[in-house]
There are 2 protein chains.
Amino acid sequence: MGKKGKLDVTKERLLNEAEALFAQKGYDAVTVREITAAAGCNIASINYHFGNKQNLYMEVFRSRWQPRVRRIHESFINSLTSQNSSSPAAIVQALAYAFLEGPLSDEERQRHFQLIVKEIAKPTTAFDLMVTEVMRPIFKELAVMLSSAMPDGIGQEDLMLNIMSIFAMVLHFNFARAAITRITGREYDSAFKARLVDHIIKFSLEGLGASNKGGGL
Amino acid sequence: MGKKGKLDVTKERLLNEAEALFAQKGYDAVTVREITAAAGCNIASINYHFGNKQNLYMEVFRSRWQPRVRRIHESFINSLTSQNSSSPAAIVQALAYAFLEGPLSDEERQRHFQLIVKEIAKPTTAFDLMVTEVMRPIFKELAVMLSSAMPDGIGQEDLMLNIMSIFAMVLHFNFARAAITRITGREYDSAFKARLVDHIIKFSLEGLGASNKGGGL
DNA sequence: GTCTATAGCAGGATAGAC
DNA sequence: GTCTATCCTGCTATAGAC
């Protein structure tokens, strides 16, 4: 809206820096002074361009976060149609890949999930947008995809819990990086990330895969 | 330390209210004014009893959070020895039960996990305590317990990833309550909680359990 | 559209009476 | 040990010059 010229670069820089800082430290912990300093412009600019800090935060979700979800979703659909299978294995594989490797740079992905986790932990107005525009539709879609391939008697709710569990792992392995690094002692590099994708696929399809072995004490 | 008399009730009340508020809203969002008002005492009392707000936060972890971890762990060990099995099924069952039903009241559990999640999302000095005193030892213990019952060739790291995935679900189903309620439309009552325990056990042991079915598109 | 300067307020921490 | 009153800092938001 309005004229899009050279004049909007400040606005764009503000959105970029704001997103990085909000993702990193959370809404309350970030000050407008910090954001404007990072963007190399003046304190008043946030008020001029967005009205106030709250609106800037929402605009980060609309102009940065939401388009990124669409890119992830497209990547998921593409990688699924390029395989010629709608087996659970194929679906989980495409899903884990889209979310953990997919179209996002590592930095983008980290931001993306930090924003999600912070909204889940302490919902604000952006939470509504997250649930109605993203989670609910994607979970519904996955339920439809999976239901035909699941054991026959499975209910909608069981299906939904399965989907949420996969999502839980994807989310966890993205947001608990610090803890995971501290516990495993491994760097969060691309080799480890590839390993995580494999693990999520394997665990989602067969869990511990030891149900037939374990013995009595 | 020091004299334990009627005089420490204020201190205890401060710790209780501080924990509830920190868990709910996070460290930054809570003000000492809020805490002292909830505890029904004066603003200066936090400074008097704990020195400053930071120390109060750490003391919440030491005097409330850490003992609660011990109770959960004891409950886990007890329920495991009362079954006469160290099969993965028994271990996962005892684990899911200890964390989702176990010795904690629903309110306590919610607080407990909110504190964990907030530390994982934005580590402070309490994060060290969490990793070294709790996560690392429990994960190690679980790795030892499980390794004998797992498929023979499994490496330490695979084992650790499996354990972290179970932990991821337990954590997720505790902290994402708002999102889960919004998506499933179900109240987070004890019936639903029991269902979640069953689900976590089932999913941990066999994943989607559909690896043999799904067909080509 | 961008800046400086400042109003107006809320935060943590402290001094000192009781 | 608890209180009131207050200091000082740092925040958002705004007014007004350029």
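These numbers come from a predicted model, not from an experiment.
Contact annotation: A:Thr10 reaches the phosphate of C:dT2 (side-chain N/O to OP1 or OP2, under 4.0 Å). Checking the phosphate oxygens (OP1, OP2) of C:dG12, no side-chain nitrogen or oxygen of B:Asn52 falls inside 4.0 Å. The shortest distance between the side-chain N/O atoms of A:Asn42 and the OP1/OP2 oxygens of C:dT2 is not below 4.0 Å.
Ring planes of A:Phe192 and A:Tyr188: perpendicular class, angle over 60° (limits at 30 and 60°). The aromatic rings of A:His199 and A:Phe203 sit tilted, their planes meeting at an angle between 30° and 60°.
The distance from atom OH of A:Tyr48 to atom P of C:dT2 is 7 Å, rounded to the nearest whole Å. Atoms NZ (A:Lys53) and C1' (D:dA13) sit 12 Å apart, rounded to a whole Å. Atom OH of A:Tyr27 is separated from atom P of D:dC11 by 14 Å (rounded to the nearest Å). Taking atom CG of residue A:Leu21 and atom P of nucleotide D:dC11, one finds them 13 Å apart after rounding to whole Å. Residue A:Phe50 contributes atom CZ, which lies 15 Å from atom C1' of C:dT2 at whole-angstrom precision. As rounded to whole Å, 14 Å separates atom P of C:dG12 from atom CG of B:Asn55. What separates CG of B:Asn47 from P of D:dT4 is a distance of 16 Å, to the nearest Å. Following rounding to the nearest Å, B:Ile46 (CD1) and C:dG11 (C1') show an atom-to-atom distance of 12 Å.
When each of A:Phe127, A:Trp65, A:Phe50, A:Tyr27 is tested with A:Tyr57 by the rule ring-ring contact (aromatic ring centres under 6.0 Å, His included), just one qualifies, namely A:Tyr27.
Checked against D:dA13, C:dG1, D:dG1, the side chain of A:Ile43 finds its nearest nucleotide in D:dA13. With distances taken from any side-chain atom of B:Arg33 to the nucleotides C:dG11, D:dC3, C:dT2, the minimum falls on C:dG11. With C:dA15, D:dT2, C:dA13 as the candidates, the nucleotide lying closest to the side chain of B:Ala44 is C:dA15. Residue B:His49 places its side chain closer to D:dT2 than to any other of D:dT4, D:dT2, C:dA13. Set against D:dT2, C:dA13, D:dC3, the side chain of B:Cys41 has D:dC3 as its closest nucleotide.
Using a 4.0 Å cut-off between a side-chain N of Lys or Arg and a carboxylate O of Asp or Glu, B:Arg109 and B:Asp106 qualify as a salt bridge. By the 4.0 Å N-to-carboxylate-O rule, B:Arg70 lies too far from B:Glu133 to be salt-bridged with it.
B:Thr31 comes within contact range of the sugar-phosphate backbone alone, with a heavy-atom separation under 4.0 Å but no base atom that close.
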